[in-house]
Colleague: 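My structure is below; once you've seen it, I'll send some questions.
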Number of protein chains: 2
Amino acid sequence: MHPALLMFIAARHVEQRVLAALREAGHDLTLAQARLLARVPEDGIRLTQLAESAQVTKQTAGFLVDQVEKAGYVERVPDPTDARARLVMVGPRGRQAQKVARTIERRIEREWAEHLGPDRLRLVTDALSDLRQITDPFL
Amino acid sequence: MHPALLMFIAARHVEQRVLAALREAGHDLTLAQARLLARVPEDGIRLTQLAESAQVTKQTAGFLVDQVEKAGYVERVPDPTDARARLVMVGPRGRQAQKVARTIERRIEREWAEHLGPDRLRLVTDALSDLRQITDPFL
DNA sequence: CTCACTTGGTAAGATTCCCTGACCAAATAT
DNA sequence: ATATTTGGTCAGGGAATCTTACCAAGTGAG
């Protein structure tokens, strides 16, 4: 079985667990919204960069940001360095959601460490980090 | 960075490469169609099982099968063991597409082996196979 | 300074994907 | 026989995404 398919399976599992945990915590985010929110850094990001990072068009990113903005997860503030641009910033509610996500992610990581053994998991993580150089178009 | 996100990045990269290769070979499949087609085994599969395997509803699977059937990638034949059911079988065109996909997949695997070293890649693949036991809802 | 070009973003419209709920027909179990 | 399960379709709608086109602010060259 191709490693990429195995990665897909594991990654999908995590996404679903995270999404479920968010819902349980009262955050009714769609998958696409959650993926976007996950990529908004603490110090804000421009829509165009966000789109690039999430691998969607600017229009799609704008559409999704509109939604999570309306729901109170992010805010758009003027970019002080460029009058055309605005920065998408994580709001309080978004920060709380990110915290929920990180918590369940850590739990899953512990599960994986138990299942594989911590050193094997570390090997996998390291290898995947290396792999990123030839698989991540964003960097 | 969470291993699952790294997996997501790598898996997405492969999907896009495969999709591009398919397009180049004249197969104009959408992502969802390709994902489905990838799960149709040589000896056929029932729609319900296909849906389960691809993690979509029966309706979605039926919708997608309709499309790839119209485009000549699969055929629906009566299931000899159950008069209600039909088997989705890979057609000649579908087999050709699968071949294209497997070729590019092998190429990517070689790239990864070069980048990581063959033994590290094998460690990763083995670990991911083990991980499947706790991440694959289908098995 | 001004004119072309780039960059950040929005608008409109269509398509694709996928879901829920309801339903039917064949098979299986009691 | 009747009830339940299993395989599948139909109808309708919502979410995500794309393409094409556009506008407005910044940037660079002459």
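Chain letters run A, B, ... following the sequence lines, proteins first, then strands; residues in each count from 1.
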Colleague: Is a side-chain N or O of B:Glu105 found less than 3.5 angstrom from the main chain of B:Val18, in a donor-acceptor match?
Modeller: no

Colleague: Look at the side-chain N and O atoms of A:Thr57 and state whether any lies under 4.0 Å from the OP1 or OP2 oxygen of D:dT17.
Modeller: no

Colleague: From CZ of B:Phe63 over to P of C:dT20, roughly how many Å is that when rounded to an integer?
Modeller: 16 Å

Colleague: Is any NZ, NE, NH1 or NH2 atom of the basic residue among B:Glu111 and B:Arg17 found under 4.0 Å from an Asp or Glu carboxylate oxygen of the other?
Modeller: yes

Colleague: For the helix from C:dC1-D:dG30 to C:dT30-D:dA1, what is the angle between the axes at its two ends, each from 5 pairs, rounded to 10°?
Modeller: 30°

Colleague: Using a 3.5 Å cut-off and no angle test, enumerate the donor-acceptor pairs between side-chain atoms of residues 4-15 of chain B and protein atoms at least two apart in sequence or in another chain.
Modeller:
| unit_1 | atom_1 | unit_2 | atom_2 | d |
| --- | --- | --- | --- | --- |
| B:Glu15 | OE1 | B:Arg35 | NH2 | 3.0 |
| B:Glu15 | OE2 | B:Arg35 | NE | 2.7 |
| B:Glu15 | OE2 | B:Arg35 | NH2 | 3.1 |

Colleague: So, A:Ser129 side chain and A:Thr125 main chain: donor-acceptor pair closer than 3.5 Å or not?
Modeller: yes

Colleague: Measuring from the side chain of A:Ala83 (C-beta onward, heavy atoms only), which nucleotide among D:dC18, C:dC18, D:dG26 has the closest atom?
Modeller: D:dG26

Colleague: Could you list the residues that satisfy side-chain hydrogen bond (donor to acceptor under 3.5 Å, both in side chains) with B:Gln16, not counting sequence neighbours?
Modeller: none

Colleague: Starting at atom CD of B:Gln67, determine the distance to atom P of C:dT15, rounded to an integer number of angstrom.
Modeller: 13 Å

Colleague: May I ask you to list the residues of residues 9-44 of chain A, by number, that have any heavy atom positioned under 4.0 Å from an atom of DNA chain C?
Modeller: none

Colleague: Are A:Val90 and A:Val77 connected, step by step, through hydrophobic side chains (Ile, Leu, Val, Met, Phe, Trp, Tyr) whose heavy atoms are closer than 4.5 Å?
Modeller: no

Colleague: Can A:Met1 be reached from B:Leu123 by stepping across I, L, V, M, F, W or Y side chains whose heavy atoms are under 4.5 Å apart?
Modeller: no

Colleague: Taking the side chain as C-beta and beyond, is there a heavy-atom pair between B:Arg95 and B:Tyr73 under 4.5 Å?
Modeller: no

Colleague: Considering all heavy atoms of both residues, which atom of B:Ala54 and which atom of B:Leu36 are nearest to each other, and what is their separation?
Modeller: CB-CD1, 4.1 Å

Colleague: Reading nucleotides 7-12 of chain D 5' to 3', which nucleotides get B (base under 4.0 Å from a protein heavy atom), which S (sugar-phosphate only), which -?
Modeller: SBBB--

Colleague: Could you list all the ring-ring contact (aromatic ring centres under 6.0 Å, His included) pairs where at least one residue sits in residues 38-68 of chain B, not counting sequence neighbours?
Modeller: none

Colleague: Going by heavy atoms in the side chains, are A:Asp126 and B:Arg120 under 4.5 Å from each other?
Modeller: yes

Colleague: How do A:Thr81 and A:Gln55 order along DNA chain D: which one's closest nucleotide is nearer the 5' end?
Modeller: A:Gln55

Colleague: Expressed in angstrom and rounded to an integer, what is the separation of A:Asp79 atom CG from C:dT7 atom C1'?
Modeller: 12 Å

Colleague: Between C:dT7 atom P and A:Glu52 atom CD, what is the distance in whole Å?
Modeller: 11 Å

